[in-house]
Amino acid sequence: MHPEEEEETDCGLSEVLPRELGSLFSDTYTEESHYAFCGRELRITQHYGANLGVAAPVWDAALFLCGYIEEQKLDFKGKKVIELGAGTGIVGILVSLLGGYVTLTDLPHALPQIQKNVSANVSSNNPPQVHALSWGLDQEKFPQDYDFILGADIVYLNDTYPLLIQTLQYLCGPRTSIFLSSKMRREHGTVRFFEDILPQYFTSELVKRNEDEGINIYKVTCFQN
């Protein structure tokens, strides 16, 4: 989704409200976007520039996953949830508002943006925790009893795929459900990850597809002995 666009998607309402465009010569600005899912309105600030890179925008795959949560009426109340590569935090924030005990993770430079969005949307006594997580390096700092692991548009760099697999293997328990929503970028090896790599380590099922946008949602679980 481009910052200058205002659009209504098939999985929720997106209304882009520029807040600070900065000077003509500045490549850093913020904007606030409003979304509605599951009867909750979310206000998500995106910081373009400032070295955030791909962590800055709300990606269409994240909106598609939020829409799937709404459509399927997934029950997160009282469940323990971790989101990988949270970016703006929109998916995990929605899950927190639906009653989940949520941990939002990303690389350290993305955490201030996530924390800002948590503070703007969640006022409960149990807001999401926000922590740095580098795949394949420090996943062992986290518990292994999550009910859900979530990820939206985190499969796009070939070099990270083994690290993501290692992280999922560590975090996934026998009762864990993983939902991965992804733009299927063949040129980035995304299709190969879901069709060839992931099935070597997990049971994977395509549960939703947006044909027009080329976005898939997979439900993933550990192999059962």
Side-chain angles (χ1 to χ4, degrees), residues 1 9-11 53-69 71-72 74 76 79-92 95 103-107 110 132-225:
M1 180 166 46
T9 70
D10 59 352
C11 54
V54 296
V58 175
W59 294 98
D60 288 344
L63 299 179
F64 194 50
L65 182 54
C66 289
Y68 179 79
I69 290 169
E71 175 188 272
Q72 297 297 315
L74 296 181
F76 293 103
K79 303 298 185 182
K80 193 169 182 178
V81 183
I82 186 169
E83 183 181 2
L84 304 180
T88 63
I90 183 171
V91 176
V95 169
T103 299
L104 296 168
T105 69
D106 209 317
L107 295 175
L133 171 54
S134 297
W135 302 343
L137 296 177
D138 53 10
Q139 64 270 11
E140 294 184 6
K141 297 178 181 178
F142 294 81
Q144 296 178 286
D145 59 347
Y146 292 103
D147 297 296
F148 293 94
I149 301 171
L150 306 175
D153 236 349
I154 61 174
V155 180
Y156 56 87
L157 289 175
N158 279 283
D159 290 347
T160 67
Y161 297 165
L163 306 177
L164 176 56
I165 290 292
Q166 290 175 32
T167 301
L168 291 174
Q169 285 181 306
Y170 178 82
L171 296 173
C172 185
R175 294 184 299 276
T176 305
S177 293
I178 305 170
F179 287 95
L180 299 176
S181 178
S182 188
K183 181 84 169 179
M184 301 303 289
R185 302 175 179 90
R186 188 172 295 275
E187 68 275 15
H188 292 163
T190 308
V191 173
R192 184 174 67 88
F193 176 84
F194 283 105
E195 292 185 357
D196 300 330
I197 300 175
L198 189 65
Q200 297 179 45
Y201 303 94
F202 297 93
T203 300
S204 177
E205 175 190 5
L206 175 63
V207 294
K208 183 78 173 179
R209 175 164 174 77
N210 183 324
E211 293 284 353
D212 293 335
E213 298 295 331
I215 301 172
N216 289 358
I217 297 177
Y218 293 86
K219 182 179 180 180
V220 182
T221 54
C222 293
F223 287 141
Q224 299 298 319
N225 295 327

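It should be emphasised that the depicted structure is a prediction, and the values quoted were computed from it without experimental measurement. Computation of the quantities below employed the complete heavy-atom set of this structure, encompassing side-chain atoms and omitting hydrogens, waters and symmetry-equivalent molecules. Positions are given from 1, in the same order as the sequence printed here.
Contact detail for Gln200 and Phe223: the closest heavy-atom pair is O-CE1, 3.4 Å. Here the closest heavy-atom approach between residue His188 and residue Tyr161 is recorded as O-OH, 2.8 Å. Considering every non-hydrogen atom in both Ala86 and Asp106, the closest pair reads N-OD2, 3.3 Å. In terms of heavy-atom proximity, Ser204 sits nearest to Val220 at OG-CG2, 4.0 Å. The two residues Asp138 and Ser134 come nearest to each other via the heavy atoms OD1-N, 2.8 Å. What you find for Ala62 and Ala152 is that their closest heavy atoms are CA-CB, 3.6 Å.
In this structure, Leu133 and Trp135 have side chains that are in contact, with non-hydrogen atoms separated by less than 4.5 Å. At least one side-chain heavy atom of Ile165 sits under 4.5 Å from a side-chain heavy atom of Leu198. Taking 4.5 Å as the limit, some side-chain heavy atom of Phe193 sits within range of a side-chain heavy atom of Leu164. At a threshold of 4.5 Å between non-hydrogen side-chain atoms, the residues Ser181 and Tyr68 do not count as touching. Taking 4.5 Å as the limit, some side-chain heavy atom of Phe194 sits within range of a side-chain heavy atom of Val155. A heavy-atom distance below 4.5 Å is found between the side chains of Cys66 and Val91. Contact of the Gln169 side chain with the Tyr201 side chain is registered, since non-hydrogen atoms from C-beta on lie closer than 4.5 Å. Residues Leu168 and Leu84 meet the side-chain proximity criterion, which asks for heavy atoms closer than 4.5 Å.
In this structure, Ile178 CD1 and Thr203 OG1 are separated by 10.0 Å, a value rounded to the nearest 0.5 Å. A distance of 9.0 Å separates CD1 of Ile217 from CG of Asn210, quoted to the nearest 0.5 Å. Rounded to the nearest 0.5 angstrom, Leu150 CG and Ile69 CD1 are separated by 6.0 Å. Taking CD of Gln166 as the start and CG of Leu171 as the end, the distance is 11.5 Å to the nearest 0.5 Å. In this structure, Ile149 CD1 and Thr103 OG1 are separated by 11.0 Å, a value rounded to the nearest 0.5 Å. Within the model, atoms NZ of Lys219 and CZ of Phe202 stand 14.5 Å from one another, a figure rounded to the nearest 0.5 Å.
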Original post:
Given Arg192 and Asn158, is the side chain to side chain contact (heavy atoms under 4.5 Å, CB included) satisfied, shown in steps?
Top reply: CA-CA 9 Å; Arg192 184 174 67 88; Asn158 279 283; 2.8 Å; yes
Subject >> Stepwise side chain to side chain contact (heavy atoms under 4.5 Å, CB included) test for Leu63 and Ile90 >> reply: CA-CA 8 Å; Leu63 299 179; Ile90 183 171; 3.9 Å; yes
Original post:
When you look at Lys208 and Gln72, which way does the side chain to side chain contact (heavy atoms under 4.5 Å, CB included) test go after all the steps?
Top reply: CA-CA 11 Å; Lys208 183 78 173 179; Gln72 297 297 315; 6.0 Å; no
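Annotation for Lys80: atom NZ counts as buried by contact number, over 12 foreign heavy atoms lying within 6.0 Å. The environment of Arg175 atom CZ is sparse: at most 12 non-hydrogen atoms of other residues, nucleotides or ligands sit within 6.0 angstrom. The neighbour count for Asp159 CG, taken as heavy atoms of other residues, nucleotides or ligands under 6.0 Å away, does not exceed 12.
Panel note: side chain Gln139, backbone Tyr170; no donor-acceptor pair is recorded below 3.5 Å. Remark: side-chain polar atoms of Tyr156 are not paired, donor with acceptor, to backbone N or O of Lys183 under 3.5 angstrom. For Thr176 (side chain) and Tyr146 (main-chain N/O), a donor-acceptor pair under 3.5 Å exists by modelled atom type. Counting only distance, with no hydrogens or angles, the side chain of Glu213 and the backbone of Glu211 share no donor-acceptor pair below 3.5 Å.
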